[in-house]
2 protein chains.
Amino acid sequence: MQLSEFVKEKRRLTGLTQPVLAEKAGVGLRFVRELEQGKETLRLDKVNQVLKLFGYEVGAIPANRKILTDEES
Amino acid sequence: MQLSEFVKEKRRLTGLTQPVLAEKAGVGLRFVRELEQGKETLRLDKVNQVLKLFGYEVGAIPANRKILTDEES
DNA sequence: TCATTTTATACCCTTTAGGGTATATTTTGA
DNA sequence: TCAAAATATACCCTAAAGGGTATAAAATGA
């Protein structure tokens, strides 16, 4: 799963809009949009600010591996 | 495990020097050093170029979760 | 259907990531 | 011990990340 899809899904599951997520994460609205659209040149720290809201963070995962569910983690 | 430690360990296990890793990954030497020193404002795509050499990529992992071994993945 | 909400696109602007390179420091092994 | 290799630090420079904002398009639901 792409980071972009992950964020989009988590955001929707929590019922947040992009502006609200941006505000809660302390990043710009522009950033949230680029993140959800799969831009690859994002800054790591900003991505982490967003993932942290969902209890996640950026890490190294084996290539082509699916994301972990909370139960598997 | 931090991304920085992960890269440093993988690099040493494969017997690469920083300059060689940088060259193989297609990033600058400066970048490899900042990555291994835990700089947080790195660009996602550059980190991915490095992780890809070891068969890994950047992904969302539950916070505080240890890295997966290849067997667990 | 149509107004409201949400998301996407486009622009300007400031800050800085990261490349290169030079120098200093540390590590390593002979 | 000490020369060679590896790593760390410091500098300049350019491209672009990302914030803000304005506008357009799309989605939602009453």
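Chain A is the first sequence line, chain B the second, and so forth, proteins listed ahead of strands; every chain is numbered from 1.
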Chemist: My understanding is that only residues two or more places apart in sequence, or in another chain, count here; which of them pass salt bridge (charged side-chain N to carboxylate O under 4.0 Å, His left out) with E36(B)?
Modeler: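 In terms of salt bridge (charged side-chain N to carboxylate O under 4.0 Å, His left out), with neighbours along the sequence ignored, E36(B) is linked to R11(B).
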Chemist: Heavy atom of residues 40-52 of chain B under 4.0 Å from DNA chain C: which residues?
Modeler: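 T41(B), L42(B), R43(B), K46(B) - these, ordered by number, are the residues of the stretch whose heavy atoms sit under 4.0 Å from the strand.
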Chemist: Looking at dT7(D), I'd like to know if its phosphate oxygens (OP1 or OP2) sit under 4.0 Å from a side-chain N or O belonging to Q37(B).
Modeler: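 Answer no for this pair, as no side-chain N or O of Q37(B) is under 4.0 Å from OP1 or OP2.
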Chemist: Which angle, to the nearest 10 degrees, lies between the helix axes at the two ends of the helix from dT1(C)-dA30(D) to dA30(C)-dT1(D), each defined by five pairs?
Modeler: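 End-to-end axis angle: 70°.
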Chemist: Using a 4.0 Å heavy-atom cut-off across all strands, classify R12(B) as base, sugar-phosphate, or nothing.
Modeler: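 Nothing, no nucleic acid heavy atom in range.
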Chemist: Once side-chain contact (heavy atoms from CB on, under 4.5 Å) is applied, do any residues pair with E9(A), and if so which ones, sequence neighbours excluded?
Modeler: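 If we apply the side-chain contact (heavy atoms from CB on, under 4.5 Å) test to E9(A), skipping adjacent residues, the hits are M1(A), L13(A).
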Chemist: Would you tabulate the nitrogen or oxygen pairs shorter than 3.5 Å linking the protein to nucleotides 2-5 of chain D?
Modeler:
none

Chemist: For T14(A), give me all partners under side-chain contact (heavy atoms from CB on, under 4.5 Å), at least two apart in sequence or on another chain.
Modeler: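 side-chain contact (heavy atoms from CB on, under 4.5 Å) list for T14(A), sorted by chain: L16(A), F54(A).
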Chemist: Once each nucleotide of nucleotides 23-30 of chain C is scored for protein heavy atoms under 4.0 Å, what B/S/- sequence comes out, 5' to 3'?
Modeler: --------
Chemist: Between dT7(D), dA17(D), dA17(C), which one does the side chain of K39(A) approach most closely?
Modeler: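 So the side chain of K39(A) is nearest to dA17(D).
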Chemist: Who are the salt bridge (charged side-chain N to carboxylate O under 4.0 Å, His left out) partners of K39(B), not counting sequence neighbours?
Modeler: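 Here the qualifying residues are E34(B).
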Chemist: Can you measure from OG (S4(B)) to CZ (R33(B)) and round to the nearest 0.5 angstrom?
Modeler: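 If we round to the nearest 0.5 Å, S4(B):OG and R33(B):CZ are 15.5 Å apart.
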Chemist: Output side-chain donor-acceptor pairs under 3.5 Å for residues 44-53 of chain B, partner residues at least two apart or in another chain, one line each.
Modeler:
residue	atom	partner	partner atom	Å
D45(B)	OD1	R43(B)	NE	3.2
D45(B)	OD2	R43(B)	NH2	2.8
N48(B)	OD1	V58(B)	N	2.8
Q49(B)	NE2	A25(B)	O	2.8
Q49(B)	NE2	G26(B)	O	3.3

Chemist: Can you figure out which of dT7(C), dG18(D), dT7(D) approaches the side chain of Q18(A) most closely?
Modeler: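 So the side chain of Q18(A) is nearest to dT7(C).
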Chemist: Tell me, for nucleotides 21-30 of chain D in 5' to 3' order, what letter each nucleotide earns: B for a base near a protein heavy atom under 4.0 Å, S for only sugar-phosphate near one, - for neither?
Modeler: ----------
